[in-house]
Amino acid sequence: MASGPAVDEKSIKALLNLVSDWDDTLNFFLNGTKVTLEQPDPEVTLLEYLRGVGLTGTKLGCSEGGCGACTVVVSQYNPTTKKIYHASVNACLAPLASVDGKHVITVEGIGSSQRPHPTQERIAKFHGSQCGFCTPGIVMSLYALLRNNPDPSPHDVEEAFDGNLCRCTGYRPILDAAQSFSTGAAKTSGGGGGCAKRGTGGCCMDKKDGKEGGGCGGGFKEIDDGKPIKRFTPPGFIELTPDSELIFPPALKRHEFKALAYGNKRKRWLRPATVEQLLQIKQILPSAKIIGGSTETQIEVKFKAMNYSISVYVGDIPELRQFSLEEDHLRIGANITLTDLESVAKQAIEHYGPARGQPFAAILKQLRYFAGRQIRNVGTPAGNLATASPISDLNPVLMATNSVLTASTADGESLLPMTKFFTGYRQTALPSDGILSSIKVPIAKPKNEFIRAYKQAKRKDDDIAIVNAALRVSLDDNLVIENINLVYGGMAAVTKSATKAEEYLVGKKWGTPETLEGAMNALEQDFNLPFGVPGGMAQYRKSLALGFFYRFWNEVQAELSGEVDADVIPEIEREISTGSRDAKASVAYEQKILGKDIAHVAAMKQVAGEAIYTDDIPHQQGQLYGKLVLSAKAHAKLLKVDGSAALEMPGVKAFITHKDFHDPMANYWGAPVSDELFLAVDEVFTHGQPIAIVLADTAAQAEAAVRAVRVEYEELPAILTMEEAIEKESFFAHNHSIINGEPVEEAFKKADRVIEGVSRMGGQEHFYLETNAVVIVPKGEDGEVEVYSCTQNPTETQAYVAQVMNVQANKVVTKVKRLGGGFGGKETRSIQIAGICGLAAKVVGKPVRMMLNRDEDMMTSGQRHPFLSRWKVGVMNSGKIVALDADVFANGGWTQDLSAAVVDRSLSHIDNCYKIPNIHVRGRICKTNTMSNTAFRGFGGPQGLFIAESYIEQIADTLGMPADKVREINMYKDAETTHFNQVLEDWFVPLMYKQVKEEADYEARRKAVDEFNATHKWKKRGLSLIPTKFGISFTALFLNQAGALVHIYHDGSVLVAHGGTEMGQGLHTKMAMIAAEALGVPLEDVHISETATNTVANTSSTAASASSDLNGYAIWNACQQLNERLKPYREKLGADAPMSKVAHAAYFDRVNLSANGFYKTPEIGYVWGENKGKMFFYFTQGVALSEVEIDCLTGDHTAIRTDLKMDVGRSINPAVDYGQIEGAFVQGQGLYTIEESLWQRNTGQLFTRGPGAYKIPGFRDIPQTFNVSLLKDVEWKNLRTIQRSRGVGEPPLFLGSSVFFAIRDALKAARKEFGETSTLQLFAPATAERIRVSCADPIVKRAQVPRKKGEDSWWVYI
């Protein structure tokens, strides 16, 4: 374990003497109850404490404050504002010392499923909770907003969630629910998130007494005077009444913040109450770690194993949180929170006026996208400065404004100019015994001084900068530059001034072309980055440095009324999110229960924090915690694995390796090919491969012990990328192809043109909010064991746990209550830790629990497969495709896992919706030294479909035709046959394509986009209309089966068990609806407890979008059996007799009230090679139209609008299906735009292994207008599924690529603007970097960085 600076014994004794009379007791309130902790554990975070006392509604999602799952509210008296403030904070980062004298409120404290808080109720009833793992954190962010501001604006509402992530919903229903509290609800509530009443499907918008209902925004009307609209509570909802909230405890108003000191030999916390006390500590022990918000320190402790033996919490020292508006400057306490700094900056702008207040406008702008609200509520300027991050957003502003820091020591104060503060990477001029006490920010001149700040990141909200800048210039009356500061972050190891450009510009006249060109030349010299610069993206970063200055130049010119390149000035700004759903899509086929919008059956438990996930299961007697020893090399021989030091550590009970298996073959796992090891033997094949497991009494003890394990390696060559694997012919044996029509070479000869291209797309991290977790409980008799796992695959989990524990499967029961998201990532990869923990439990004979950290999960669990295709198409000049030849490669990682089936599905989807008469496509799996890639929503389909749309786009470019025309020309017609010889039935893509065009006003918008592009140089818009068809069925025939067990009890209640797992997709909700409809009972009388292998055996994994089809029909089958048995009693008692009476009568006649249902998909059975047989039972279809705008100067983009229509047949539950469609679309949008996985070249390690580096879409990344509808008014003649519904989980995901192809359309306009005529090759994801360097403008061209011989890029894209 890494340690902080060494501490001598003399200093420690002096320090202990200083704090000997300090208090050692924490006093705070928790959900209204006073808590007193004497000598608390100094290493426990607030989250660990809360979960330890049973408040498990607060979740652990990432441990780095990046996902918001752990959000709680800490209410406190704010010494800056002199008011009570309810701060949303990340409990995973908050030290326990930070809550003394405050009121901690968790999701359990504000309401329950029976008596919910209005925030909880609305998110549940607006369908804003799917898997539910992120929901408590989202609820608490909304709760904090409303406690501080009961009448928030629509912008306030959206901003409140910038520190929260959700992977399931697509955010729209959450925003609809939250906006119902806003003053602008009339303008933002059109999303139709719904307020379905449990079990009825009713809505407050229904007609009442012949009049339209007023709820869900329907009762709001525009007010002409422009004043805010008063918040309105929709009928049927609990009203938000601020006076009924948990009060701020009166005792805390009288709380005296005493100096605190507590801890043990390993670590101590000090909490001085005054600056004097703090300076005494620093005088005695300069190395003491100062903690403000702990937003970086806790990450160092958790992920870098830093051990700070003395930590000093300074968040409760009032003197460090004051501010004053002086005549020529603003003075702020260095430890003011960033949230308070926002407020102070606004006051300063108002006080000094717009011109003199420019420094504070720059600060405010940088804070707008600085982390999330939870971080801003605790983070401080002093923390930014002291950590000396080269990408801090605030530091460039403070440097550019010539701010001055006041450093205080016990001997007095000293002034530190910001321009001289940073002395090296993560090094400053702050005296070792000093603290930053205040910051003096000078105001600007009233005339001819200009200050601006800029930032570009991968994602707009809550992301660290790639490059940021603060630029300031002061001119004389003749516009000659008197002085200038051009300060950049992200361009060097420190926040850096562009000194050559500054020297050049001083004395030059502002506004002349010569001055601009000279400045750009000098900037190139300032930032002459090498190709392999640490952090990568050399050309992009350089282009941003130049681009920011060019934007600044033009902003100043506009102020001076000079010559302006006006289009470069505005940055992309989002409107408030809106959207719509067609609420009448299912009216034609609604039944008593089926076809209605009904909320997720567990939604109210999820919003109240009552829903139980795997790691929420109570502590088992004798339980041990497991922690994995993971490989630190991508490929190496294992020379030595020594756990002796770990076994000597406190609490450690066992160190287990492959030698502990009863049989070496029991170490092998994997489906369908068992080629993966649970624990490495003599060699490791990927960074993060499990080598051993350590067991200890606590998770922290196990984690510490893992770091003591000594592993010696002999490194071997590693293959990371598909290109490397192809070059070295490193493939798995699987080698399928599909051939149809005449030989493609013959077909090519008949084509007018043969076009060749390459398509490449990266992988995608599942980023389910709940990481993989398992609890193994040996029962102590006959080798029986219970396995609690968050798996999509209970049966395979059962089989492998039985294998490693050397018992039959009938001794192992796998139980799954729910998953906090899965998306395919827990279909096979969850088995890895279940098997390892099963072995551990077998060895020690005790329960074993493990939950992976986010970084561990991302390193070990695999991703969506990256794909590479080299293709050739033959096409006629009319646009008609006559032939396709393609080699398709997937990066499988180090084992096969499900890669074969993934590649197979990509080959079957490489046509998308287009008839190609002659085709030959081949698929190979690249064997590399990365983690084993696995199933992910779409399962190869999105990759194959992406290849299809890529060649469509290139055909259009080559022929000079609109891409939508090429699509229409080649689109399948009803009853035509695919390249794998399957007839298309109920084929509605052409109809939906036409409907979306008409409903979304495509032609007019296409014209508007073209006009926009003709009149804008640096902003471009694009439009793309993408269709999809997705085959529904497991490609492995045997998996297309399901069982169910239905019990009816005396009281008429019904218990249903089926083989599918609930992971947020609403499967249990749909299954309960099917059972209720089939049996004629109210929905509330049907219960599904869990998925377990002892109730339904031999289950298929919950995957392939087939679970509703399979399990639904199995339940229907069981219910039909029961209905047949109950028929005589219904006839006797009457059709309206309640089930309680019917079941009671049947029971006393000794009728079996339990039934086992079964279903297998008919007709299917494709034969590879022969290219015959039916591959899929049917196809789910859809169309999406997306419009985007890109900023050619930065690569930033926004999705302006998406119109999406899906054919889901006769929907079982439209609200659930809409949630799946929106969630899948946004996940697909992330796949094709911002989600980028990067590997470190020097270690072969995944770099993007947490929310800090890996960016999924957030609340403000979704389309600004998001309209979704379901196909209706058609007849599904051949659809023979349960209720004639279609699977919906995976198919919409590819439609997210409409944003990618719209970006490509915009880029074509940009390249045309700048004279670039070559065909655009755009790989996915279309990150800001790829967008920017594809623009081909003069600035990006002058930013080009040549690659020198032997020079490699910093990152590896596998």
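When reading the values below, keep in mind they use all heavy atoms of this one structure, side chains included, and skip hydrogens, waters and symmetry mates.
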- Exercise: identify the closest heavy-atom pair between S932 and R829: CB-NH1, 3.8 Å
- Task: Test the R924-F731 pair against the cation-pi criterion, namely NZ or CZ under 6.0 angstrom from the six-membered ring centroid and within 45° of the ring axis.
- Result: yes
- Query: Got a sec, which pairs hit ring-ring contact (aromatic ring centres under 6.0 Å, His included) with one end in residues 921-941, sequence neighbours left out?
  - Reply: H766-F936
- Query: With a 6.0 Å cut-off on ring centres, are F133 and Y613 close enough?
  - Reply: yes
- Message: I'd like to know if E1235 and R167 make a salt bridge, using a cut-off of under 4.0 Å between side-chain N and carboxylate O.
- Response: yes
- Determine, stepwise, if the pair E1163 / K1174 fulfils salt bridge (charged side-chain N to carboxylate O under 4.0 Å, His left out). CA-CA 7 Å; E1163 303 174 6; K1174 192 171 184 178; 2.7 Å; yes
- Hey, are R760 and E723 close enough for a salt bridge, meaning a charged N less than 4.0 Å from a carboxylate O? yes
- Query: Should we say atom CZ of F1323 is surrounded by more than 12 heavy atoms from elsewhere, each under 6.0 Å from it?
  - Reply: yes
- Message: With ring-ring contact (aromatic ring centres under 6.0 Å, His included) as the criterion, how do F1176 and H909 come out once you've worked through the C-alpha distance, each side chain's angles and the decisive distance to 0.1 Å?
- Response: CA-CA 11 Å; F1176 303 112; H909 285 68; 5.6 Å; yes
- Task: Determine, for R870 against D887, whether the closest basic-nitrogen to carboxylate-oxygen distance falls under 4.0 angstrom.
- Result: no
- Message: Using 0.5 Å steps for rounding, measure from the OG atom of S1105 to the CD atom of Q1065.
- Response: 9.5 Å
- How about N1098: does its CG atom have over 12 heavy atoms from other parts shown lying under 6.0 Å from it? no
- Query: When you check the gap from the basic side-chain N to the acidic O, do R937 and E1290 get nearer than 4.0 Å?
  - Reply: no
- Message: Check whether T1093 reaches the backbone of T814 with its side chain - one donor and one acceptor, N or O, closer than 3.5 Å.
- Response: yes
- Item | side-chain hydrogen bond (donor to acceptor under 3.5 Å, both in side chains) between Q130 and Q1220, intermediate numbers included | CA-CA 9 Å; Q130 290 187 19; Q1220 287 292 285; 3.3 Å; yes
- Y1159 and Y1113 aromatic ring geometry - parallel, tilted or perpendicular at 30°/60° bounds: parallel
- Heavy atoms only: give me the nearest Q803-N667 pair and the separation to one decimal. NE2-N, 4.5 Å
- Message: Walk me through whether E770 and R818 qualify under salt bridge (charged side-chain N to carboxylate O under 4.0 Å, His left out).
- Response: CA-CA 10 Å; E770 176 200 31; R818 60 176 55 84; over 6 Å; no
- Axial cation check for Y1254 ring with R1249, 6.0 Å and 45° limits: no
- Does any N or O in the side chain of S1101 come within less than 3.5 Å of the main-chain N or O of A1103, such that one atom is a donor and the other an acceptor? no
- Query: Looking only at atom types and distance, does a side-chain atom of K1029 sit under 3.5 Å from a main-chain N or O of N912, one as donor and one as acceptor?
  - Reply: yes
- Query: Got more than 12 heavy atoms from elsewhere within 6.0 Å of NZ, K927?
  - Reply: no
- Message: Would K826 and Y768 count as a cation-pi pair here, with the cationic atom under 6.0 angstrom from the ring centre and within 45° of the axis?
- Response: yes
- Are side-chain N/O atoms of S899 and H865 paired as donor and acceptor at under 3.5 Å? yes
- Query: For the residue pair F678 and Y800, does the interplanar ring angle fall in the parallel (under 30°), tilted (30 to 60°) or perpendicular (over 60°) class?
  - Reply: perpendicular
- Centroid-to-centroid, F1225 to F1294, below 6.0 Å? no
- Task: Before accepting this row, confirm whether a basic side-chain N of the pair R849/D615 lies closer than 4.0 Å to the acidic partner's carboxylate O.
- Result: yes
- Query: Between D616 and K817, does a salt bridge (charged side-chain N to carboxylate O under 4.0 Å, His left out) hold up when you go through it step by step?
  - Reply: CA-CA 11 Å; D616 299 334; K817 188 72 172 177; over 6 Å; no
- Message: Given 3.5 Å as the limit, does a donor-acceptor pair link the side chain of T1069 with the main chain of H600, or not?
- Response: no
- Of the non-hydrogen atoms in A1104 and I1032, which two are nearest, and what is the gap between them? O-CG2, 4.1 Å
- Item | Heavy-atom closest contact (N933 atom, P866 atom, distance) | ND2-CD, 3.6 Å
- Message: For I719 versus A725, what's the shortest heavy-atom pair and its separation?
- Response: CG2-N, 3.7 Å
- Cationic N near anionic O, under 4.0 Å, R1286 to D1207: yes
- Query: Taking the six-membered ring of F767 as reference, does the NZ or CZ atom of R854 fall below 6.0 Å from its centre and within a 45° cone about the axis?
  - Reply: yes
- Checking N1040 side chain against L1037 main chain: does a donor-acceptor pair fall under 3.5 Å? yes
- Query: What orientation do H1058 and H1068 show, parallel under 30°, tilted 30 to 60°, or perpendicular over 60°?
  - Reply: perpendicular
- Beyond-backbone contact of Y668 with D675, side-chain heavy atoms, under 4.5 angstrom: no
- Task: Mind listing the closest non-hydrogen atom pair of N929 and A634 along with its distance?
- Result: CB-O, 3.6 Å
